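Presented below is the structure to which this report refers.
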Amino acid sequence: MASSTLQASKNSNSMANAYADEPWGDRTLSNYIVRAEHPFNAEVRLDKLVEDFVTPTDKHFRRNHGPIPNINGAEWSMSVEIGCSAASAKPCTKTIRLEDLVSLRQFEVVAVLECAGNRRDGLKAIKPVNGVIWGPGTASNSRWGGCRLRDVLVAAGVPSNLCDPFYETPRHVEFAAYGEASDDVHYASSISLEWVMNPLNMVLVATEMNGKPLCRDHGYPARIVAPGLIGARWVKWLKYIRVQDKESDNFYQKRDYKILPPMANGGNCEEFWPQFPALMELNIQGVICRPTAEERLCVDKPYLVRGYALSGGGRAVDRVEISLDDGNTWDLASLYTMHAKGKESDNQSQRDWAEKQWSWVLWSYRIDNVPANCNIACRAWDSGGNKQPSAAVWNYRGVMNNAVFRVQPQTTSSAHSRL
Ligand SMILES: Nc1nc2c(c(=O)[nH]1)N[C@H]1C(S)=C(S)[C@@H](COP(=O)(O)O)O[C@H]1N2
Ligand SMILES: [Mo]
């Protein structure tokens with residue numbers, strides 16, 4: 001056997017072995033549509049997703065680019081490295097253990113995590129795309145707990161004041177993960193230091209999800225929580241954090257999770273990758289969860305349409321509109337949400353629009369008399385004036401599809417339903 005073949009079979013064997021120890025016991029499979037077992041990729045069934053404002057852990061979608069590492073929390077450590085120098089911050093490396101994270105001030109944030117590939121199926125319907133084909137079930141809204149990443153960095157010597165000369169050049173914070181990844185030596189990504197250091201942005205080194213230690217699928221023992229940014233930046237199973245002068249060189253930063261122009265494809269994407277930025281902030285998104293396309297509605301009876309809506313960068317979802325006539329006229333849905341300060345509310349007039357918004361909005365809309373030909377569309381807007389576009393725009397990686405969401409459930413005449 002040629003040595004390259006030996007090498008290839010060794011690699012595929014070691015990847016296969018890495019999947020021998022997956023946490024199947026932590027996965028309530030009845031809540032999910034499993035898109036791939038290895039790596040484990042599962043989206044939430046829409047009817048389950050809309051049952052809770054704060055998504056329970058066993059209904060949170062799971063998205064992986066490799067096997068799930070099995071880390072012993074008592075032995076775990078990560079390094080924090082300040083790799084760039086300035087008068088106010090000396091290069092430094094610190095080793096951080098779980099007890100160090102717990103000794104810092106603890107925070108909680110209810111934040112929506114959405115994969116940039118959510119609704120990739122809508123782009124695949126136009127032309128083939130590269131990636132796991134997801135429906136609209138890769139968005140979830142859990143309660144994350146831990147310390148702020150800014151506090152970890154300040155303890156390592158990064159100046160806490162954004163006016164410090166240290167911030168006169170753009171700087172980046174790279175996160176790398178334990179474990180293997182399909183496309184690079186490990187999974188890694190970065191976000192700007194300026195975003196991380198703003199305390200209002202609530203970037204956490206999270207150790208808890210919904211009041212319990214993270215489970216293995218979601219990043220035990222520690223992961224990044226970056227509210228308002230795409231899921232790809234919420235790096236799990238942290239191995240190191242580096243403050244540096246450039247963004248991460250990792251595949252998932254530089255060669256993935258970008259909206260490439262329509263002429264880019266599998267053969268020529270190398271040429272386009274350097275020209276377009278790594279995605280950060282989520283875009284305005286809205287999805288109808290009930291009825292599903294499989295549901296059967298009774299004609300002339302009332303029905304409560306329900307769904308979720310979210311946006312990125314801390315922008316608030318300020319309205320969700322429903323159309324029953326193919327987008328000719330739109331009516332307002334009722335919104336239910338939670339403010340950054342943790343107050344739940346369904347009263348728009350009490351909102352402080354200056355407050356950043358990290359959680360999703362659940363919405364409902366009552367149809368008094370279900371029409372025989374029932375075609376429902378939803379369109380969300382955010383505080384930046386952005387709304388869902390009426391048509392999807394194809395891109396090779398199949399990311400950021402936020403087109404107006406439409407569903408056409410089955411209907412049955414009321415007379416028939418009484419039988
Ligand atoms: N180490 C590591 N972190 C990762 C990933 C990964 O594959 N490996 N996937 C990213 C992507 S693309 C998403 S959408 C989120 C999903 O987080 P979840 O599985 O907790 O829902 O994790 C991100 N963090
Ligand atoms: Mo993702």
Side-chain angles (χ1 to χ4, degrees), residues 15 18-19 22-23 26-27 31-32 34-36 38-44 49 55-71 78 111-120 129-134 136-144 146 174-191 204-210 213-241 248 250-253 255-259 278-280 282 285 310 312 397-401:
M15 278 303 255
Y19 288 111
E22 292 279 295
D26 296 348
R27 299 168 177 167
N31 290 340
Y32 295 94
V34 177
R35 298 293 181 190
H38 297 151
F40 187 65
N41 280 303
E43 67 178 285
V44 189
L49 194 56
T55 311
T57 306
D58 68 353
K59 286 188 202 166
H60 195 289
F61 82 89
R62 287 149 204 241
R63 205 294 178 237
N64 299 295
H65 291 275
I68 312 296
N70 194 352
I71 297 172
M78 68 169 175
V112 62
L113 165 49
E114 184 189 25
C115 180
N118 197 25
R119 302 182 62 196
R120 184 172 283 134
V129 286
N130 175 27
V132 176
I133 302 306
W134 295 113
T138 59
S140 305
N141 190 59
S142 288
R143 183 186 303 275
W144 303 94
E174 181 182 51
F175 323 108
Y178 284 104
E180 298 172 56
S182 316
D183 309 282
D184 209 321
V185 287
H186 52 214
Y187 190 95
S189 193
S190 65
I191 62 186
L204 303 182
V205 177
T207 45
E208 289 193 351
M209 178 180 186
N210 296 322
L214 292 169
C215 66
R216 280 178 60 201
D217 269 343
H218 293 298
Y220 182 81
R223 81 175 299 169
I224 296 298
V225 162
L229 307 187
I230 65 164
R233 311 295 163 232
W234 298 43
V235 174
K236 306 192 266 192
W237 315 296
L238 285 170
K239 177 162 75 179
Y240 67 73
I241 296 177
S248 170
N250 193 266
F251 180 88
Y252 300 99
Q253 181 85 7
R255 279 152 283 162
D256 205 3
Y257 293 111
K258 296 188 173 197
I259 303 178
L279 288 167
M280 291 292 155
L282 292 167
Q285 178 70 284
L310 63 95
R397 183 62 168 100
V399 284
M400 303 299 261
N401 178 19

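As the structure is a prediction and not an experimental result, all values here were calculated from the model. All ligand and atom numbering here is 1-based and tracks the order in the structure.
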Can you pull the salt bridge (charged side-chain N to carboxylate O under 4.0 Å, His left out) pairs that have at least one residue in residues 229-241, sequence neighbours excluded? none
So which protein residues pack against ligand 1 under 4.0 Å, heavy atoms counted? His60, Phe61, Arg62, Arg63, Asn64, His65, Leu113, Cys115, Ala177, Tyr187, His218, Arg223, Gly231, Ala232, Trp234, Val235, Lys236, Trp237, Tyr257
With a 4.5 Å heavy-atom cut-off, do Gln285 and Met400 have their side chains touching? no
Can you list everything that forms a ring-ring contact (aromatic ring centres under 6.0 Å, His included) with Phe175? Sequence neighbours excluded, please. none
Between CZ of Arg63 and CG of Asn118, what distance do you get to the nearest 0.5 Å? 11.5 Å
Minimum side-chain heavy-atom gap Tyr252-Ser182 below 4.5 Å: yes
ring-ring contact (aromatic ring centres under 6.0 Å, His included) with Trp134: which residues, sequence neighbours excluded? none
